[in-house]
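The structure appears right after this line, and notes come after that.
Just so you know, these numbers come straight off a predicted model, no measurement behind them. Chain identifiers are assigned alphabetically (A, B, ...) following the order of the sequence lines, protein sequences preceding nucleic acid strands; residue numbering begins at 1 within each chain.
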Amino acid sequence: MPELPEVETIARGVNARVRGDRIVDAWFGSHREPFKTPAQRQAKGLQGREIVSVHRTGKHIICELGPSDQIRSQLSGHKANAQWIVHLGMTGRLLVTTPDEPLAPHTHARLTLSSGRELRFVDPRRFGRLEFRDFARSEKFESPGAEPLTIEAAEFAALFRGRKLAIKAALLNQSLLAGVGNIYADESLFRAGLRPRRRAGRLTKVDLERLRLALREVLEHAIQLGGSSVSDYVDAEGMPGFFQLEHFVYQRTGDPCRRCKDPIQRIVVAGRSTHYCAKCQV
DNA sequence: ACAGGCTCCTGCAGGC
DNA sequence: TGCCTGCAGGAGCCTG
């Protein structure tokens with residue numbers, strides 16, 4: 001499932017391929033209620049706009065959009081004045097393809113670009129979300145949670161102060177930290193030597209600093225390897241990532257711990273399967 | 001403030 | 001082989 005490193009990989013790949021391209025046509029399929037913006041309004045809003053840049057915020061992919069030709073003649077400059085926001089959910093893919101590439105099942109959106117390429121949104125499980133924002137009528141997208149790659153020690157520690165919930169549940173809460181999902185929560189807790197059920201507010205400054213650094217390290221390493229391909233994740237070109245080979249605990253239930261050889265345990269925390277080593281994590 | 005449960009949705013794995 | 005069941009989970013919602 002796409003988390004921060006996977007979303008970052010996709011956003012970079014899409015940016016490299018479609019930056020400066022123009023949306024000639026936008027098609028939306030029947031994705032029951034997938035869109036925060038109704039499909040028709042979304043298609044109309046995207047039509048004719050330039051893709052100024054593509055980047056990631058939390059688990060969201062943000063396409064910064066310039067004005068369409070029609071509107072542009074009334075404005076000066078090429079500043080972005082709208083956004084297309086893509087959340088991949090669990091099984092979402094954002095692919096840059098040629099028009100003749102066979103249409104994958106569960107393709108819910110197709111943007112035809114002036115370069116001849118297409119930007120496609122494919123999502124079998126339909127947990128993904130698409131949204132169009134025009135700055136004339138809505139705010140710029142802002143993720144409520146902090147960025148785990150850049151957050152400083154004091155701010156990180158403050159997120160958890162006084163909180164009774166399990167540290168794993170806190171890591172998954174997107175309004176605290178944006179971008180951490182099940183894989184990187186488990187992996188960072190292992191690397192920090194902390195049990196997933198430890199109460200967030202009871203962790204010491206030292207614990208939390210270990211966690212902050214472990215989280216940053218694991219996310220950066222995963223980005224370098226193009227993310228983790230555990231279910232069916234692929235990047236903008238359809239290529240898998242390789243960080244799953246570096247997992248210490250995630251989906252390794254019963255397998256020997258890579259540090260101490262004890263079997264990896266599986267429990268449920270915050271309704272999510274949670275993997276840890278009882279010896280290495282205290 | 002938070003836990004726990006449920007919902008959405010499909011593909012896949014396991015049991016029989 | 002084929003069917004059925006259960007499980008996977010991000011996020012939002014609702015209840016306790």
Nearest-Å distance for atom pair NZ/P, residues A:Lys168 and C:dG10: 8 Å
N/O (side chain, A:Arg272) to phosphate O (OP1/OP2, C:dG10) under 4.0 Å: yes
Whole-Å distance separating the CZ atom of A:Arg129 from the P atom of B:dC8: 12 Å
OP1 or OP2 of C:dA11 under 4.0 Å from side-chain N/O of A:His87: yes
Atom-pair distance (NZ on A:Lys164; C1' on B:dA3), nearest Å: 12 Å
Euclidean distance, atom CZ of residue A:Arg197 to atom C1' of B:dA3 [Å, nearest integer]: 12 Å
Nucleotide nearest A:Gln174 (side chain, heavy atoms from C-beta), chosen from C:dA11, C:dG9, B:dT10: C:dA11
Under-4.0 Å side-chain N/O to phosphate OP1/OP2 contact, A:Ser273 with C:dG9: yes
Heavy-atom donor-acceptor pair, A:Glu187 side chain to A:Ala185 backbone, under 3.5 Å: no
Interatomic distance where CD1 belongs to A:Ile167 and P belongs to B:dC2 [whole Å]: 12 Å
Distance-only donor-acceptor check, side chains A:Thr9 and A:Asp235, under 3.5 Å: no
Integer-rounded Å distance: C:dC7 P and A:His275 NE2: 14 Å
Heavy-atom donor-acceptor pair, A:Arg56 side chain to A:Gly58 backbone, under 3.5 Å: yes
Sugar-phosphate, base or nothing in reach of A:Ala166, heavy atoms under 4.0 Å: sugar-phosphate
A:Arg93 CZ - C:dG10 P separation (whole Å): 17 Å
Pairwise 5' ranking along DNA chain B for A:Ala169 and A:His106, keeping only the more 5' one: A:Ala169
Closest listed nucleotide, where the reference is the side chain of A:Phe127 and the choices are B:dC2, C:dA11, B:dC8: B:dC8
A:Met90 side chain, from C-beta outward: closest of C:dG10, C:dG9, B:dC2: C:dG9
Sole candidate of A:Lys140, A:Arg41, A:Arg49 that passes salt bridge (charged side-chain N to carboxylate O under 4.0 Å, His left out) when paired with A:Asp134: A:Arg49
Distance below 4.0 Å between A:Arg125 side-chain N/O and B:dC8 OP1 or OP2: no
Sugar-phosphate, base or nothing in reach of A:Tyr250, heavy atoms under 4.0 Å: sugar-phosphate
Touch class at under 4.0 angstrom, heavy-atom based, for A:Arg266 against every strand present: sugar-phosphate
Between C1' of C:dA8 and CG of A:Asp123, the distance in whole Å: 14 Å
Donor-acceptor contact below 3.5 Å, side chain A:Thr274 vs main chain A:Arg272: yes
